[in-house]
Amino acid sequence: MKIDDLGYFTEQASADIVVARNVDAKDERLKQIMEVVTRKLHEAVKELEPTEKEWFDAIMFLTETGHMCDEWRQEFILLSDVLGVSMLVDAVNHRKSSGASESTVLGPFHVDGAPELPMGANICLDEKGEDILVKGRILDVEGQPIENAVIDVWQANDEGFYDVQQKGIQPDFNLRGVFRTGADGSYWFRAVKPKFYPIPDDGPVGKMLGKLGRHPYRPAHLHYIIKADGFEPLTTHIFDPDDPYINSDAVFGVKQSLLAEFERIEDAARGKELEFGDWFWQVEHNFILAKT
Ligand code: BEZ
Ligand code: FE
């Protein structure tokens, strides 16, 4: 057996020895990624000097994280989110100030294929919660309306669950919809006022948060993915600034520019037109897309 130039494994040269083994990697990017990850991991082990039990516990934590995943549950995304890594990946990929609206985490609950609905539709199918009118415009960086922008929205229900977390309890596609703007770039739809909710915390990531003295809550928000031909797609939220968790989002997704104004409207006539009660909530938020 050939011994690498660096010789047998030693504590001192550990990372160099492992990295040298990848010298013939066919994919340069993979080689680079594995070098950085290997070096940082070895550095962490040298700094922490974990016991064998601690290292085995770490392996079991990752094993349980994997076992928790299925078609509807992505525990590794949750782990990335609570470690702030999802937001960091978002930040390094959207560094230039293009004038576009800011992005934030996608989260694990987006579903492809939500129904395309006529403007103004009510996406709430379970009749729970306080009515809200959501509206705004999709604009380019010069303030011109974008026609034919596709707006994919989703949110949790009044009890803090997405439809995919409660299959058979909530109607499929509850609180999801896809809307397409007309020539004036405006959009509007009816929904229910979002509430804060815990990220799924019945798995290893939730247990870890508990041990770290952290709560699992996300402040109330609505999710958007906005796409239009010739423009960079935007994945973002709007947040309720009055939410009790607005300054401690479990996944670090809040940005100042994504705080929207949720207004309580007391107007029985308008409420009737909207098939709401005597009062309802309203939030208006414009989004700006950058050209590709
Ligand atoms: C969400 O907002 O849907 C979400 C984001 C990150 C983790 C869990 C949920
Ligand atoms: Fe969410």
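Counting starts at 1 for both ligands and their atoms, following the listed order.
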Any idea which N/O/S atom from His223 gets closest to the Fe ion (ligand 2)?
NE2
Validate the cation-pi geometry between Lys135 and Tyr187: distance from NZ or CZ to the six-membered ring centre under 6.0 Å, angle to the ring axis within 45°.
no
Can you list the ligand 1 atoms lying under 4.0 Å from a non-hydrogen atom of [X]?
{"X": "Gly107", "result": "4 (C), 5 (C), 6 (C)"}
{"X": "His223", "result": "1 (C), 2 (O), 3 (O)"}
{"X": "Tyr162", "result": "1 (C), 2 (O), 3 (O)"}
{"X": "Arg218", "result": "1 (C), 2 (O), 4 (C), 5 (C)"}
{"X": "Leu78", "result": "7 (C), 8 (C)"}

Below 3.5 angstrom, do we get any N/O pair linking Asp81 and ligand 1?
no
Donor-acceptor pair, [X] side chain versus [Y] backbone, under 3.5 Å?
{"X": "Asn174", "Y": "Gln170", "answer": "no"}
{"X": "Lys46", "Y": "Glu11", "answer": "yes"}
{"X": "Thr104", "Y": "Gly253", "answer": "yes"}

Using a distance threshold of 2.8 Å, state whether an N, O or S atom of His221 lies below it from the Fe ion (ligand 2).
yes
Hey, is Trp154 one of the residues with a heavy atom under 4.0 angstrom from ligand 1?
no
Below 4.0 Å from any atom of ligand 1, is there a heavy atom belonging to His110?
no
Tested for salt bridge (charged side-chain N to carboxylate O under 4.0 Å, His left out) against Lys193, the lone hit among Asp242, Asp131, Asp243, Asp240 is Asp240
State plainly whether the residues Arg39 and Glu35 are in salt-bridge range, i.e. N to O under 4.0 Å.
yes
Measure the distance from atom 9 (C) of ligand 1 to every protein heavy atom, then report the residue, atom name and distance (to 0.1 Å) of the closest one.
Pro108 CD, 3.4 Å
Look at atom 1 (C) of ligand 1 and say which protein heavy atom is nearest, naming residue and atom and giving the distance to 0.1 Å.
Tyr197 OH, 2.8 Å
With a 4.5 Å limit on heavy-atom distance, are the side chains of Val82 and Met208 in contact?
yes
Looking only at side-chain N and O atoms, does His237 offer a donor or acceptor that is under 3.5 Å from a partner on Arg218?
yes
Looking only at heavy atoms, is any part of Leu106 under 4.0 Å from ligand 1, and if so is it the side chain, the backbone, or both, or is it neither?
neither
Between CD1 on residue Ile138 and CZ on residue Phe287, distance to nearest 0.5 Å:
6.0 Å
With the Fe ion (ligand 2) at the center, what angle do OH from Tyr197 and OH from Tyr162 span, rounded to 10 degrees?
100°
